[in-house]
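The structure presented is a predicted model; accordingly, all values stated were derived computationally and were not measured. FYI, side chains are in, hydrogens and waters are out, and symmetry mates aren't considered; it's all heavy atoms of this structure.
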Amino acid sequence: MKAAVISAPGAVSIQTVDDPAPGPREVVIEVAACGLCGTDLHILQGEFAPSLPVVPGHEFAGTVVAVGTQVHELAVGDRVAADPSLYCNECHYCRLGRNNLCERYAAIGVTTSGAAAEFAVAPAANCVRLPDHIRTEDAALIEPLSCAVRGYDVLRTPMACHVLIYGSGTMGLMMLELAKRTGAATVDVLDINPQRLDTARELGCTHAAATADEIERPRGWDVVIDATGSERAIQDAIGRVARGGTYLQFGVADYAARATIEPYRIYNQEITITGSMAVLHSFERAADLFAAGVLDPDVFISHRFPLVDYAAALQQFQAGHGRKILVTP
């Protein structure tokens with residue numbers, strides 16, 4: 001089969017690799033679409049993936065074309081979206097139910113071959129069937145949505161919060177949609193990209209601006225979310241949290257990124273700083289939300305590239321053009 005392979009930092013190409021075969025509790029999925037994510041850029045930079053080469057791609061959906069000998073809940077022809085998380089279920093954190101902090105954390109498209117390919121392998125337990133009204137290729141949005149759902153699980157925000165989101169790319173827009181549905185009084189969105197801010201306005205944010213100074217909120221925001229991973233944005237965001245408020249690090253920053261905090265302010269104003277890592281007991285709930293129409297795929301998906309143009313798709317994503325970019329083998 002054809003697959004995109006990151007062979008070394010900065011090096012990606014389309015190669016012919018062996019067709020996958022399912023293990024006893026696995027299925028082979030013919031990939032309908034695979035989404036690009038900031039994690040893929042980190043892998044391209046030589047971060048995250050423990051070793052190269054690797055076939056990237058952890059946001060995907062498709063059709064089951066082969067099942068393992070012990071798979072009974074899925075059949076050939078089923079359309080599914082797949083959670084890429086591969087937990088050991090044995091370490092200290094897995095036993096505590098904190099599987100996303102697994103000491104042996106692994107994931108499809110990060111530590112094992114992913115879905116930037118014609119076919120991908122996934123555990124049957126990680127797959128969710130798609131209802132008839134969902135287009136298979138659109139269901140690649142379920143994985144990033146499940147990360148956003150995990151973010152709101154961490155926040156546990158009360159009703160009528162004032163929310164500020166840094167970044168109106170795919171993840172920032174998903175956090176916007178969830179904020180609206182979890183009882184936020186206002187949801188403001190910041191971005192330096194005017195086109196992305198237009199999308200935030202289209203989705204009904206309260207204010208869209210290039211900087212927080214353009215929005216009148218003298219006491220700050222109850223919830224501040226970084227969905228950029230940008231060191232500069234993170235530093236500004238921490239300073240925008242209101243007394244008793246919460247800052248969520250949701251965007252994936254570079255390993256070398258640093259931010260300065262004011263310990264006395266955190267103590268004196270009872271500010272919470274927390275993070276949200278990937279998926280935890282949120283994939284099936286995200287699939288239910290997606291089926292219920294929480295996201296409009298025609299708004300969220302801006303570009304679809306053929307697999308042979310995977311490198312060009314990555315370049316466009318890295319340049320910040322568009323919203324969710326899908327690769328369609």
Co-members of the apolar cluster containing Ile215 [side chain, <4.5 Å]: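 Same cluster as Ile215: Leu164, Tyr166, Leu190, Trp221, Val224, Ile234, Ile238, Val241, Tyr247, Ile261, Ile266, Ile271, Ile273.
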Determine whether a donor-acceptor pair (N or O, by modelled atom type, separation under 3.5 Å) exists between the side chain of [X] and the backbone of [Y].
X      : Y      : answer
Asn100 : Ala278 : no
Arg79  : Ile134 : yes
Glu231 : Arg258 : yes
Asp191 : Ser168 : yes
Ser146 : Ser282 : no
Asn99  : Cys102 : no

Hey, what do you get for [atom1] ([X]) to [atom2] ([Y]), rounding to the nearest 0.5 Å?
X      : Y      : atom1 : atom2 : value
Met277 : Gln249 : CE    : CD    : 13.0 Å
Leu74  : His72  : CG    : NE2   : 11.5 Å
Tyr87  : Leu101 : OH    : CG    : 9.0 Å
Leu145 : Met175 : CG    : CE    : 10.5 Å
Asn126 : Ile108 : CG    : CD1   : 6.0 Å
Thr246 : Glu270 : OG1   : CD    : 11.0 Å

Are [Y] and [X] connected into the same hydrophobic cluster when the rule is that any two of I, L, V, M, F, W, Y join if their side-chain heavy atoms are below 4.5 Å apart?
X      : Y      : answer
Phe283 : Val294 : yes
Leu44  : Ile325 : yes
Ile142 : Val110 : no
Tyr152 : Val252 : no
Ile43  : Val279 : no

For a quick test of reading the model, state the closest non-hydrogen atom pair linking [X] to [Y] and the distance between them.
X      : Y      : value
Val299 : Thr199 : CG1-CG2, 3.8 Å
Arg196 : Gly320 : NH2-O, 3.4 Å
Leu52  : Ala49  : CD2-CB, 4.2 Å
Pro329 : Ala117 : CG-O, 3.0 Å
Val128 : Ala287 : CG1-CB, 3.8 Å
Ala116 : Cys34  : N-SG, 3.9 Å

Go through it in stages, so that I can follow the logic: the residues are Thr16 and Lys2, the test is side chain to side chain contact (heavy atoms under 4.5 Å, CB included), and I'd like the CA-CA distance, side-chain angles, deciding distance and then a yes or no. CA-CA 5 Å; Thr16 299; Lys2 300 294 184 183; 2.9 Å; yes
Below 4.5 Å, heavy atoms only, C-beta onward: do [X] and [Y] meet side chain to side chain?
X      : Y      : value
Met174 : Leu141 : yes
Leu178 : Leu289 : yes
Val121 : Ser113 : no
Cys147 : Met171 : yes
His162 : Thr186 : yes
Gln318 : Gln45  : yes
Thr157 : Val163 : no

Not counting sequence neighbours, list each pair that qualifies as a salt bridge (Lys or Arg N to Asp or Glu O under 4.0 Å) and has a residue in [range].
range            : value
residues 165-183 : Glu177-Lys180, Glu177-Arg181
residues 105-129 : Asp78-Arg129
residues 281-303 : Arg135-Asp298, Asp153-Arg285
residues 40-66   : Glu59-Lys324

According to ring-ring contact (aromatic ring centres under 6.0 Å, His included), who are the partners of Phe119, at least two apart in sequence or on a separate chain?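 Phe119 satisfies ring-ring contact (aromatic ring centres under 6.0 Å, His included) with no other residue.
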More than 12 heavy atoms of other residues, nucleotides or ligands under 6.0 Å from [atom1] of [X]: yes or no?
X      : atom1 : answer
Arg232 : CZ    : no
Ile192 : CD1   : no
Glu214 : CD    : yes

If you look only at pairs with a residue in residues 38-65, which of them pass as a ring-ring contact (aromatic ring centres under 6.0 Å, His included), with sequence neighbours excluded?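 Counting only pairs at least two positions apart or across chains, the ring-ring contact (aromatic ring centres under 6.0 Å, His included) contacts touching residues 38-65 are His42-Phe48, Phe48-Tyr255.
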Under 3.5 Å, is there a donor-acceptor pair between the Asp83 and Ser85 side chains?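 Yes, Ser85 and Asp83 have a side-chain donor paired with an acceptor closer than 3.5 Å.
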By side-chain hydrogen bond (donor to acceptor under 3.5 Å, both in side chains) - contacts of Ser51 (at least two apart):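 Checked Ser51 against side-chain hydrogen bond (donor to acceptor under 3.5 Å, both in side chains); zero matches.
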Please tabulate, one pair per line, all N/O donor-acceptor pairs under 3.5 Å involving side-chain atoms of residues 305-317, not counting sequence neighbours.
| from | atom 1 | to | atom 2 | distance (Å) |
| --- | --- | --- | --- | --- |
| Gln316 | NE2 | His303 | ND1 | 3.1 |
| Gln316 | NE2 | His303 | NE2 | 2.9 |

Quick one: salt bridge (charged side-chain N to carboxylate O under 4.0 Å, His left out) partners of Arg304, sequence neighbours excluded?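 Arg304 satisfies salt bridge (charged side-chain N to carboxylate O under 4.0 Å, His left out) with Asp138 once adjacent residues are dropped.
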Name every donor-acceptor pair, under 3.5 Å, that has one atom in a side chain of residues 201-209 and the other anywhere in the protein, sequence neighbours excluded.
| from | atom 1 | to | atom 2 | distance (Å) |
| --- | --- | --- | --- | --- |
| Arg201 | NH1 | Asp198 | OD1 | 2.9 |
| Arg201 | NH2 | Ala208 | O | 3.4 |
| Thr206 | OG1 | Val187 | N | 2.9 |
| Thr206 | OG1 | Val187 | O | 3.4 |
| His207 | ND1 | Asp188 | OD1 | 2.9 |

What side-chain donor-acceptor pairs closer than 3.5 Å can you find for residues 17-33, not counting sequence neighbours?
| from | atom 1 | to | atom 2 | distance (Å) |
| --- | --- | --- | --- | --- |
| Asp19 | OD1 | Met1 | N | 2.9 |
| Arg25 | NH1 | Gln70 | O | 2.9 |
| Arg25 | NH1 | Glu73 | OE1 | 3.1 |
| Arg25 | NH1 | Glu73 | OE2 | 3.3 |
| Arg25 | NH2 | Glu73 | OE2 | 2.7 |
| Glu26 | OE1 | Gly23 | N | 2.7 |

Between Glu90 and Arg104, is the side chain to side chain contact (heavy atoms under 4.5 Å, CB included) condition met? List the steps. CA-CA 9 Å; Glu90 297 177 353; Arg104 306 183 188 102; 3.9 Å; yes
Test log, rule side chain to side chain contact (heavy atoms under 4.5 Å, CB included), inputs Val223 and Leu248: CA-CA 8 Å; Val223 174; Leu248 175 68; 5.7 Å; no
